[in-house]
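Each ligand, and each atom within it, is numbered from 1 in the order the structure gives.
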Amino acid sequence: MTHKLAVLPGDGIGPDIVREACKVLETLRTNFGLDMAWEEAPVGGTAYDQSGHPLPEATLELARGADAVLLGAVGGPRWEALDYSVRPERALLALRKELDLFANLRPAKVFPELAGASALKPEVVAGIDIMVVRELTGGIYFGEPRGVEELPDGRRKGVNTLVYASDEIERIARVAFDIARKRSGRVCSIDKANVLESTELWREVVTDVGTREFPDVELSHMYVDNAAMQLVRAPGQFDVMVTTNMFGDILSDEASMLTGSIGLLPSASLNTEGAGMYEPIHGSAPDIAGTGKANPLATILSVGMMLRYSLDESELADRVERAVEKVLEDGLRTPDIAAEGEQAIGTAEMGDAVVAALRG
Ligand SMILES: NC(=O)c1ccc[n+]([C@@H]2O[C@H](COP(=O)([O-])OP(=O)(O)OC[C@H]3O[C@@H](n4cnc5c(N)ncnc54)[C@H](O)[C@@H]3O)[C@@H](O)[C@H]2O)c1
Ligand SMILES: CC(C)[C@H](C(=O)O)[C@@H](O)C(=O)O
Ligand SMILES: [Mg+2]
């Protein structure tokens with residue numbers, strides 16, 4: 001059966017990195033028999049400029065009908081002053097909510113060749129392989145009430161609400177425990193249960209699910225401030241980290257620096273139906289947009305996750321990961337992962353190198 005893909009390049013460096021990921025998909029089709037067809041659609045600021053909305057109905061429909069969505073990035077200074085309701089980032093949140101993509105997997109794996117590019121000492125990050133499991137359709141990103149209101153005395157009040165219902169916590173906990181069973185058998189749940197009742201419930205529910213359904217998995221808990229510190233002090237203690245929407249957003253960017261660059265971290269956002277959205281964890285990088293300096297590897301590795309989690313093509317996923325390892329072994333570096341004085345290559349050259357490594 002032909003896999004139907006929706007490709008949403010978005011803004012800033014989005015189109016550049018997605019172009020390279022599509023070269024990889026095309027190579028898998030022509031050389032390795034991947035049966036797929038993709039259709040592209042605008043999203044984010046680019047879509048807003050074209051149609052007045054960051055997530056046009058046609059784009060949402062395309063995503064709904066696809067087996068998997070590949071997304072670049074959205075947003076940028078050009079659209080920052082827009083009303084919140086039509087800001088590019090809203091498209092991302094709407095896609096996640098509409099497709100019920102509650103489970104966001106963000107692996108942070110240190111490639112041996114890049115241990116020297118890490119923000120930490122190479123010996124501290126050697127072998128690091130962390131899976132951040134981020135809840136993606138709840139928490140403070142979606143809680144009501146929200147907004148900015150005028151107070152009678154002329155002041156304004158900004159409100160966001162951190163809400164979690166027990167079933168939302170249960171389902172993300174199950175995803176984390178399941179993944180841990182295939183890895184080290186350990187889960188660390190990150191919360192702020194000492195201050196926030198919503199995450200006190202988080203801790204309680206994660207513990208219940210663990211005790212009742214996954215007694216074989218070792219569960220520990222950590223407050224988020226400590227976790228942020230431990231991630232740079234001794235990252236080797238973590239394997240699967242499960243956490244709320246906002247804590248996961250922040251901790252995954254932090255974890256990326258263990259690997260050397262945010263330009264290396266892919267993600268999968270999954271629902272219970274097997275469909276998923278795949279995107280790098282980074283944003284539209286306005287500071288380097290249009291310069292050809294963006295690292296496309298996070299997006300290419302997101303294609304790998306797509307093959308594994310939505311298309312049931314794990315052999316091809318392995319091939320993509322091996323091709324990325326090969327280009328790094330060969331010493332190819334975009335500027336974000338190049339050592340001082342080391343020759344760097346551009347976005348398209350990196351994509352071409354992965355394609356060449358795939359072809360063998
Ligand atoms: N998933 C998404 O679409 C997503 C994620 C994060 C931020 N954003 C949006 O992107 C815009 C910029 O946000 P930001 O600057 O805070 O975060 P960012 O992730 O876009 O950039 C942070 C830093 O990392 C660098 N960087 C990011 N991706 C890179 C890559 N592939 N290769 C090399 N360097 C890379 C950038 O140059 C920048 O210095 C904002 O509008 C934000 O809302 C979108
Ligand atoms: C752009 C923004 C809505 C998004 C998030 O906060 O989830 C981004 O930072 C991410 O990590 O995907
Ligand atoms: Mg983020």
Side-chain angles (χ1 to χ4, degrees), residues 8-21 42-48 54-55 69-82 84 86-97 101-106 108 114 117 119 132-142 160 243-257 259-269 277-302 324 333-338 344-351 354:
L8 316 181
D11 310 321
I13 62 170
D16 298 344
I17 53 178
V18 165
R19 192 175 306 117
E20 302 315 308
V43 72
T46 314
Y48 175 82
L55 183 62
V69 179
L70 177 68
L71 188 136
V74 296
R78 194 178 146 152
W79 301 287
E80 258 163 24
L82 286 176
Y84 179 73
V86 288
R87 224 172 278 159
E89 291 80 358
R90 277 296 292 268
L92 205 52
L93 300 189
L95 275 166
R96 291 170 179 172
K97 196 71 170 176
L101 304 170
F102 70 96
N104 184 213
L105 313 187
R106 298 188 156 195
L114 291 183
V132 178
V133 179
R134 169 188 178 194
E135 199 291 325
L136 201 62
T137 49
I140 199 164
Y141 277 54
F142 293 96
N160 288 97
T243 192
T244 64
N245 203 339
M246 187 156 83
F247 295 163
D249 178 42
I250 298 166
L251 292 176
S252 54
D253 266 35
E254 187 186 358
S256 77
M257 283 320 293
T259 73
S261 169
I262 195 167
L264 292 169
L265 257 59
S267 81
S269 304
M277 185 155 84
Y278 297 84
E279 45 170 334
I281 78 154
H282 62 71
S284 60
D287 53 337
I288 55 165
T291 64
K293 287 183 180 160
N295 188 341
L297 293 182
T299 317
I300 291 172
L301 289 167
S302 300
V324 169
R333 304 280 185 268
T334 41
D336 56 318
I337 49 173
I345 59 171
T347 311
E349 288 164 284
M350 186 55 108
V354 175

Would you indicate which of [options] comes nearest to [atom] when only heavy atoms are counted?
{"atom": "atom 34 (N) of ligand 1", "options": "I288, L297, I281", "result": "I288"}
{"atom": "atom 21 (O) of ligand 1", "options": "A285, A289, P335", "result": "A285"}
{"atom": "atom 15 (O) of ligand 1", "options": "G283, A298, P286", "result": "P286"}

Atoms of ligand 1 less than 4.0 Å from [X] heavy atoms?
{"X": "G263", "answer": "30 (C), 31 (N)"}
{"X": "E279", "answer": "1 (N)"}
{"X": "A294", "answer": "32 (N)"}
{"X": "D287", "answer": "36 (C), 37 (O), 38 (C), 39 (O)"}
{"X": "L92", "answer": "1 (N), 2 (C), 3 (O)"}

| query | Backbone or side chain, does any N or O of N295 fall under 3.5 Å from an N or O of ligand 1? | reply | yes

| query | Should E80 be counted as touching ligand 1, given the test is an N or O pair under 3.5 Å? | reply | no

Protein non-hydrogen atom below 4.0 angstrom of [atom] present:
{"atom": "atom 13 (O) of ligand 1", "value": "no"}
{"atom": "atom 9 (C) of ligand 1", "value": "yes"}
{"atom": "atom 18 (P) of ligand 1", "value": "yes"}

Where the side chain of [X] meets the backbone of [Y], is there a donor-acceptor pair that is under 3.5 Å apart?
{"X": "K293", "Y": "I288", "value": "no"}
{"X": "D336", "Y": "S261", "value": "no"}
{"X": "E135", "Y": "G138", "value": "yes"}

| said: Both conditions, 6.0 Å and 45 degrees, for the charged tip of R90 above the ring of Y141: are they met here? | reply: no

| Is it true that the side chains of N104 and S269 contain a donor and an acceptor less than 3.5 Å apart? | yes

Would you call [X] a ligand 2 contact, heavy-atom distance under 4.0 Å?
{"X": "R134", "result": "yes"}
{"X": "R96", "result": "yes"}
{"X": "R106", "result": "yes"}

| Which part of M246 is near ligand 2, with near meaning a heavy atom under 4.0 Å away: side chain, backbone, both or neither? | neither

| field | Part of I281 within contact of ligand 2 (heavy atoms, under 4.0 Å) | value | backbone

| field | Heavy atoms from other residues, nucleotides or ligands near CE of M257 exceed 12 (cutoff 6.0 Å) | value | yes

| Test: E349 and R333 ion pair at under 4.0 Å | no

| Using a cut-off of 2.8 Å, how many protein N, O or S atoms lie below it in distance from the Mg ion (ligand 3)? | 1

| Proximity to ligand 1 by part of H282, non-hydrogen separation under 4.0 Å | both

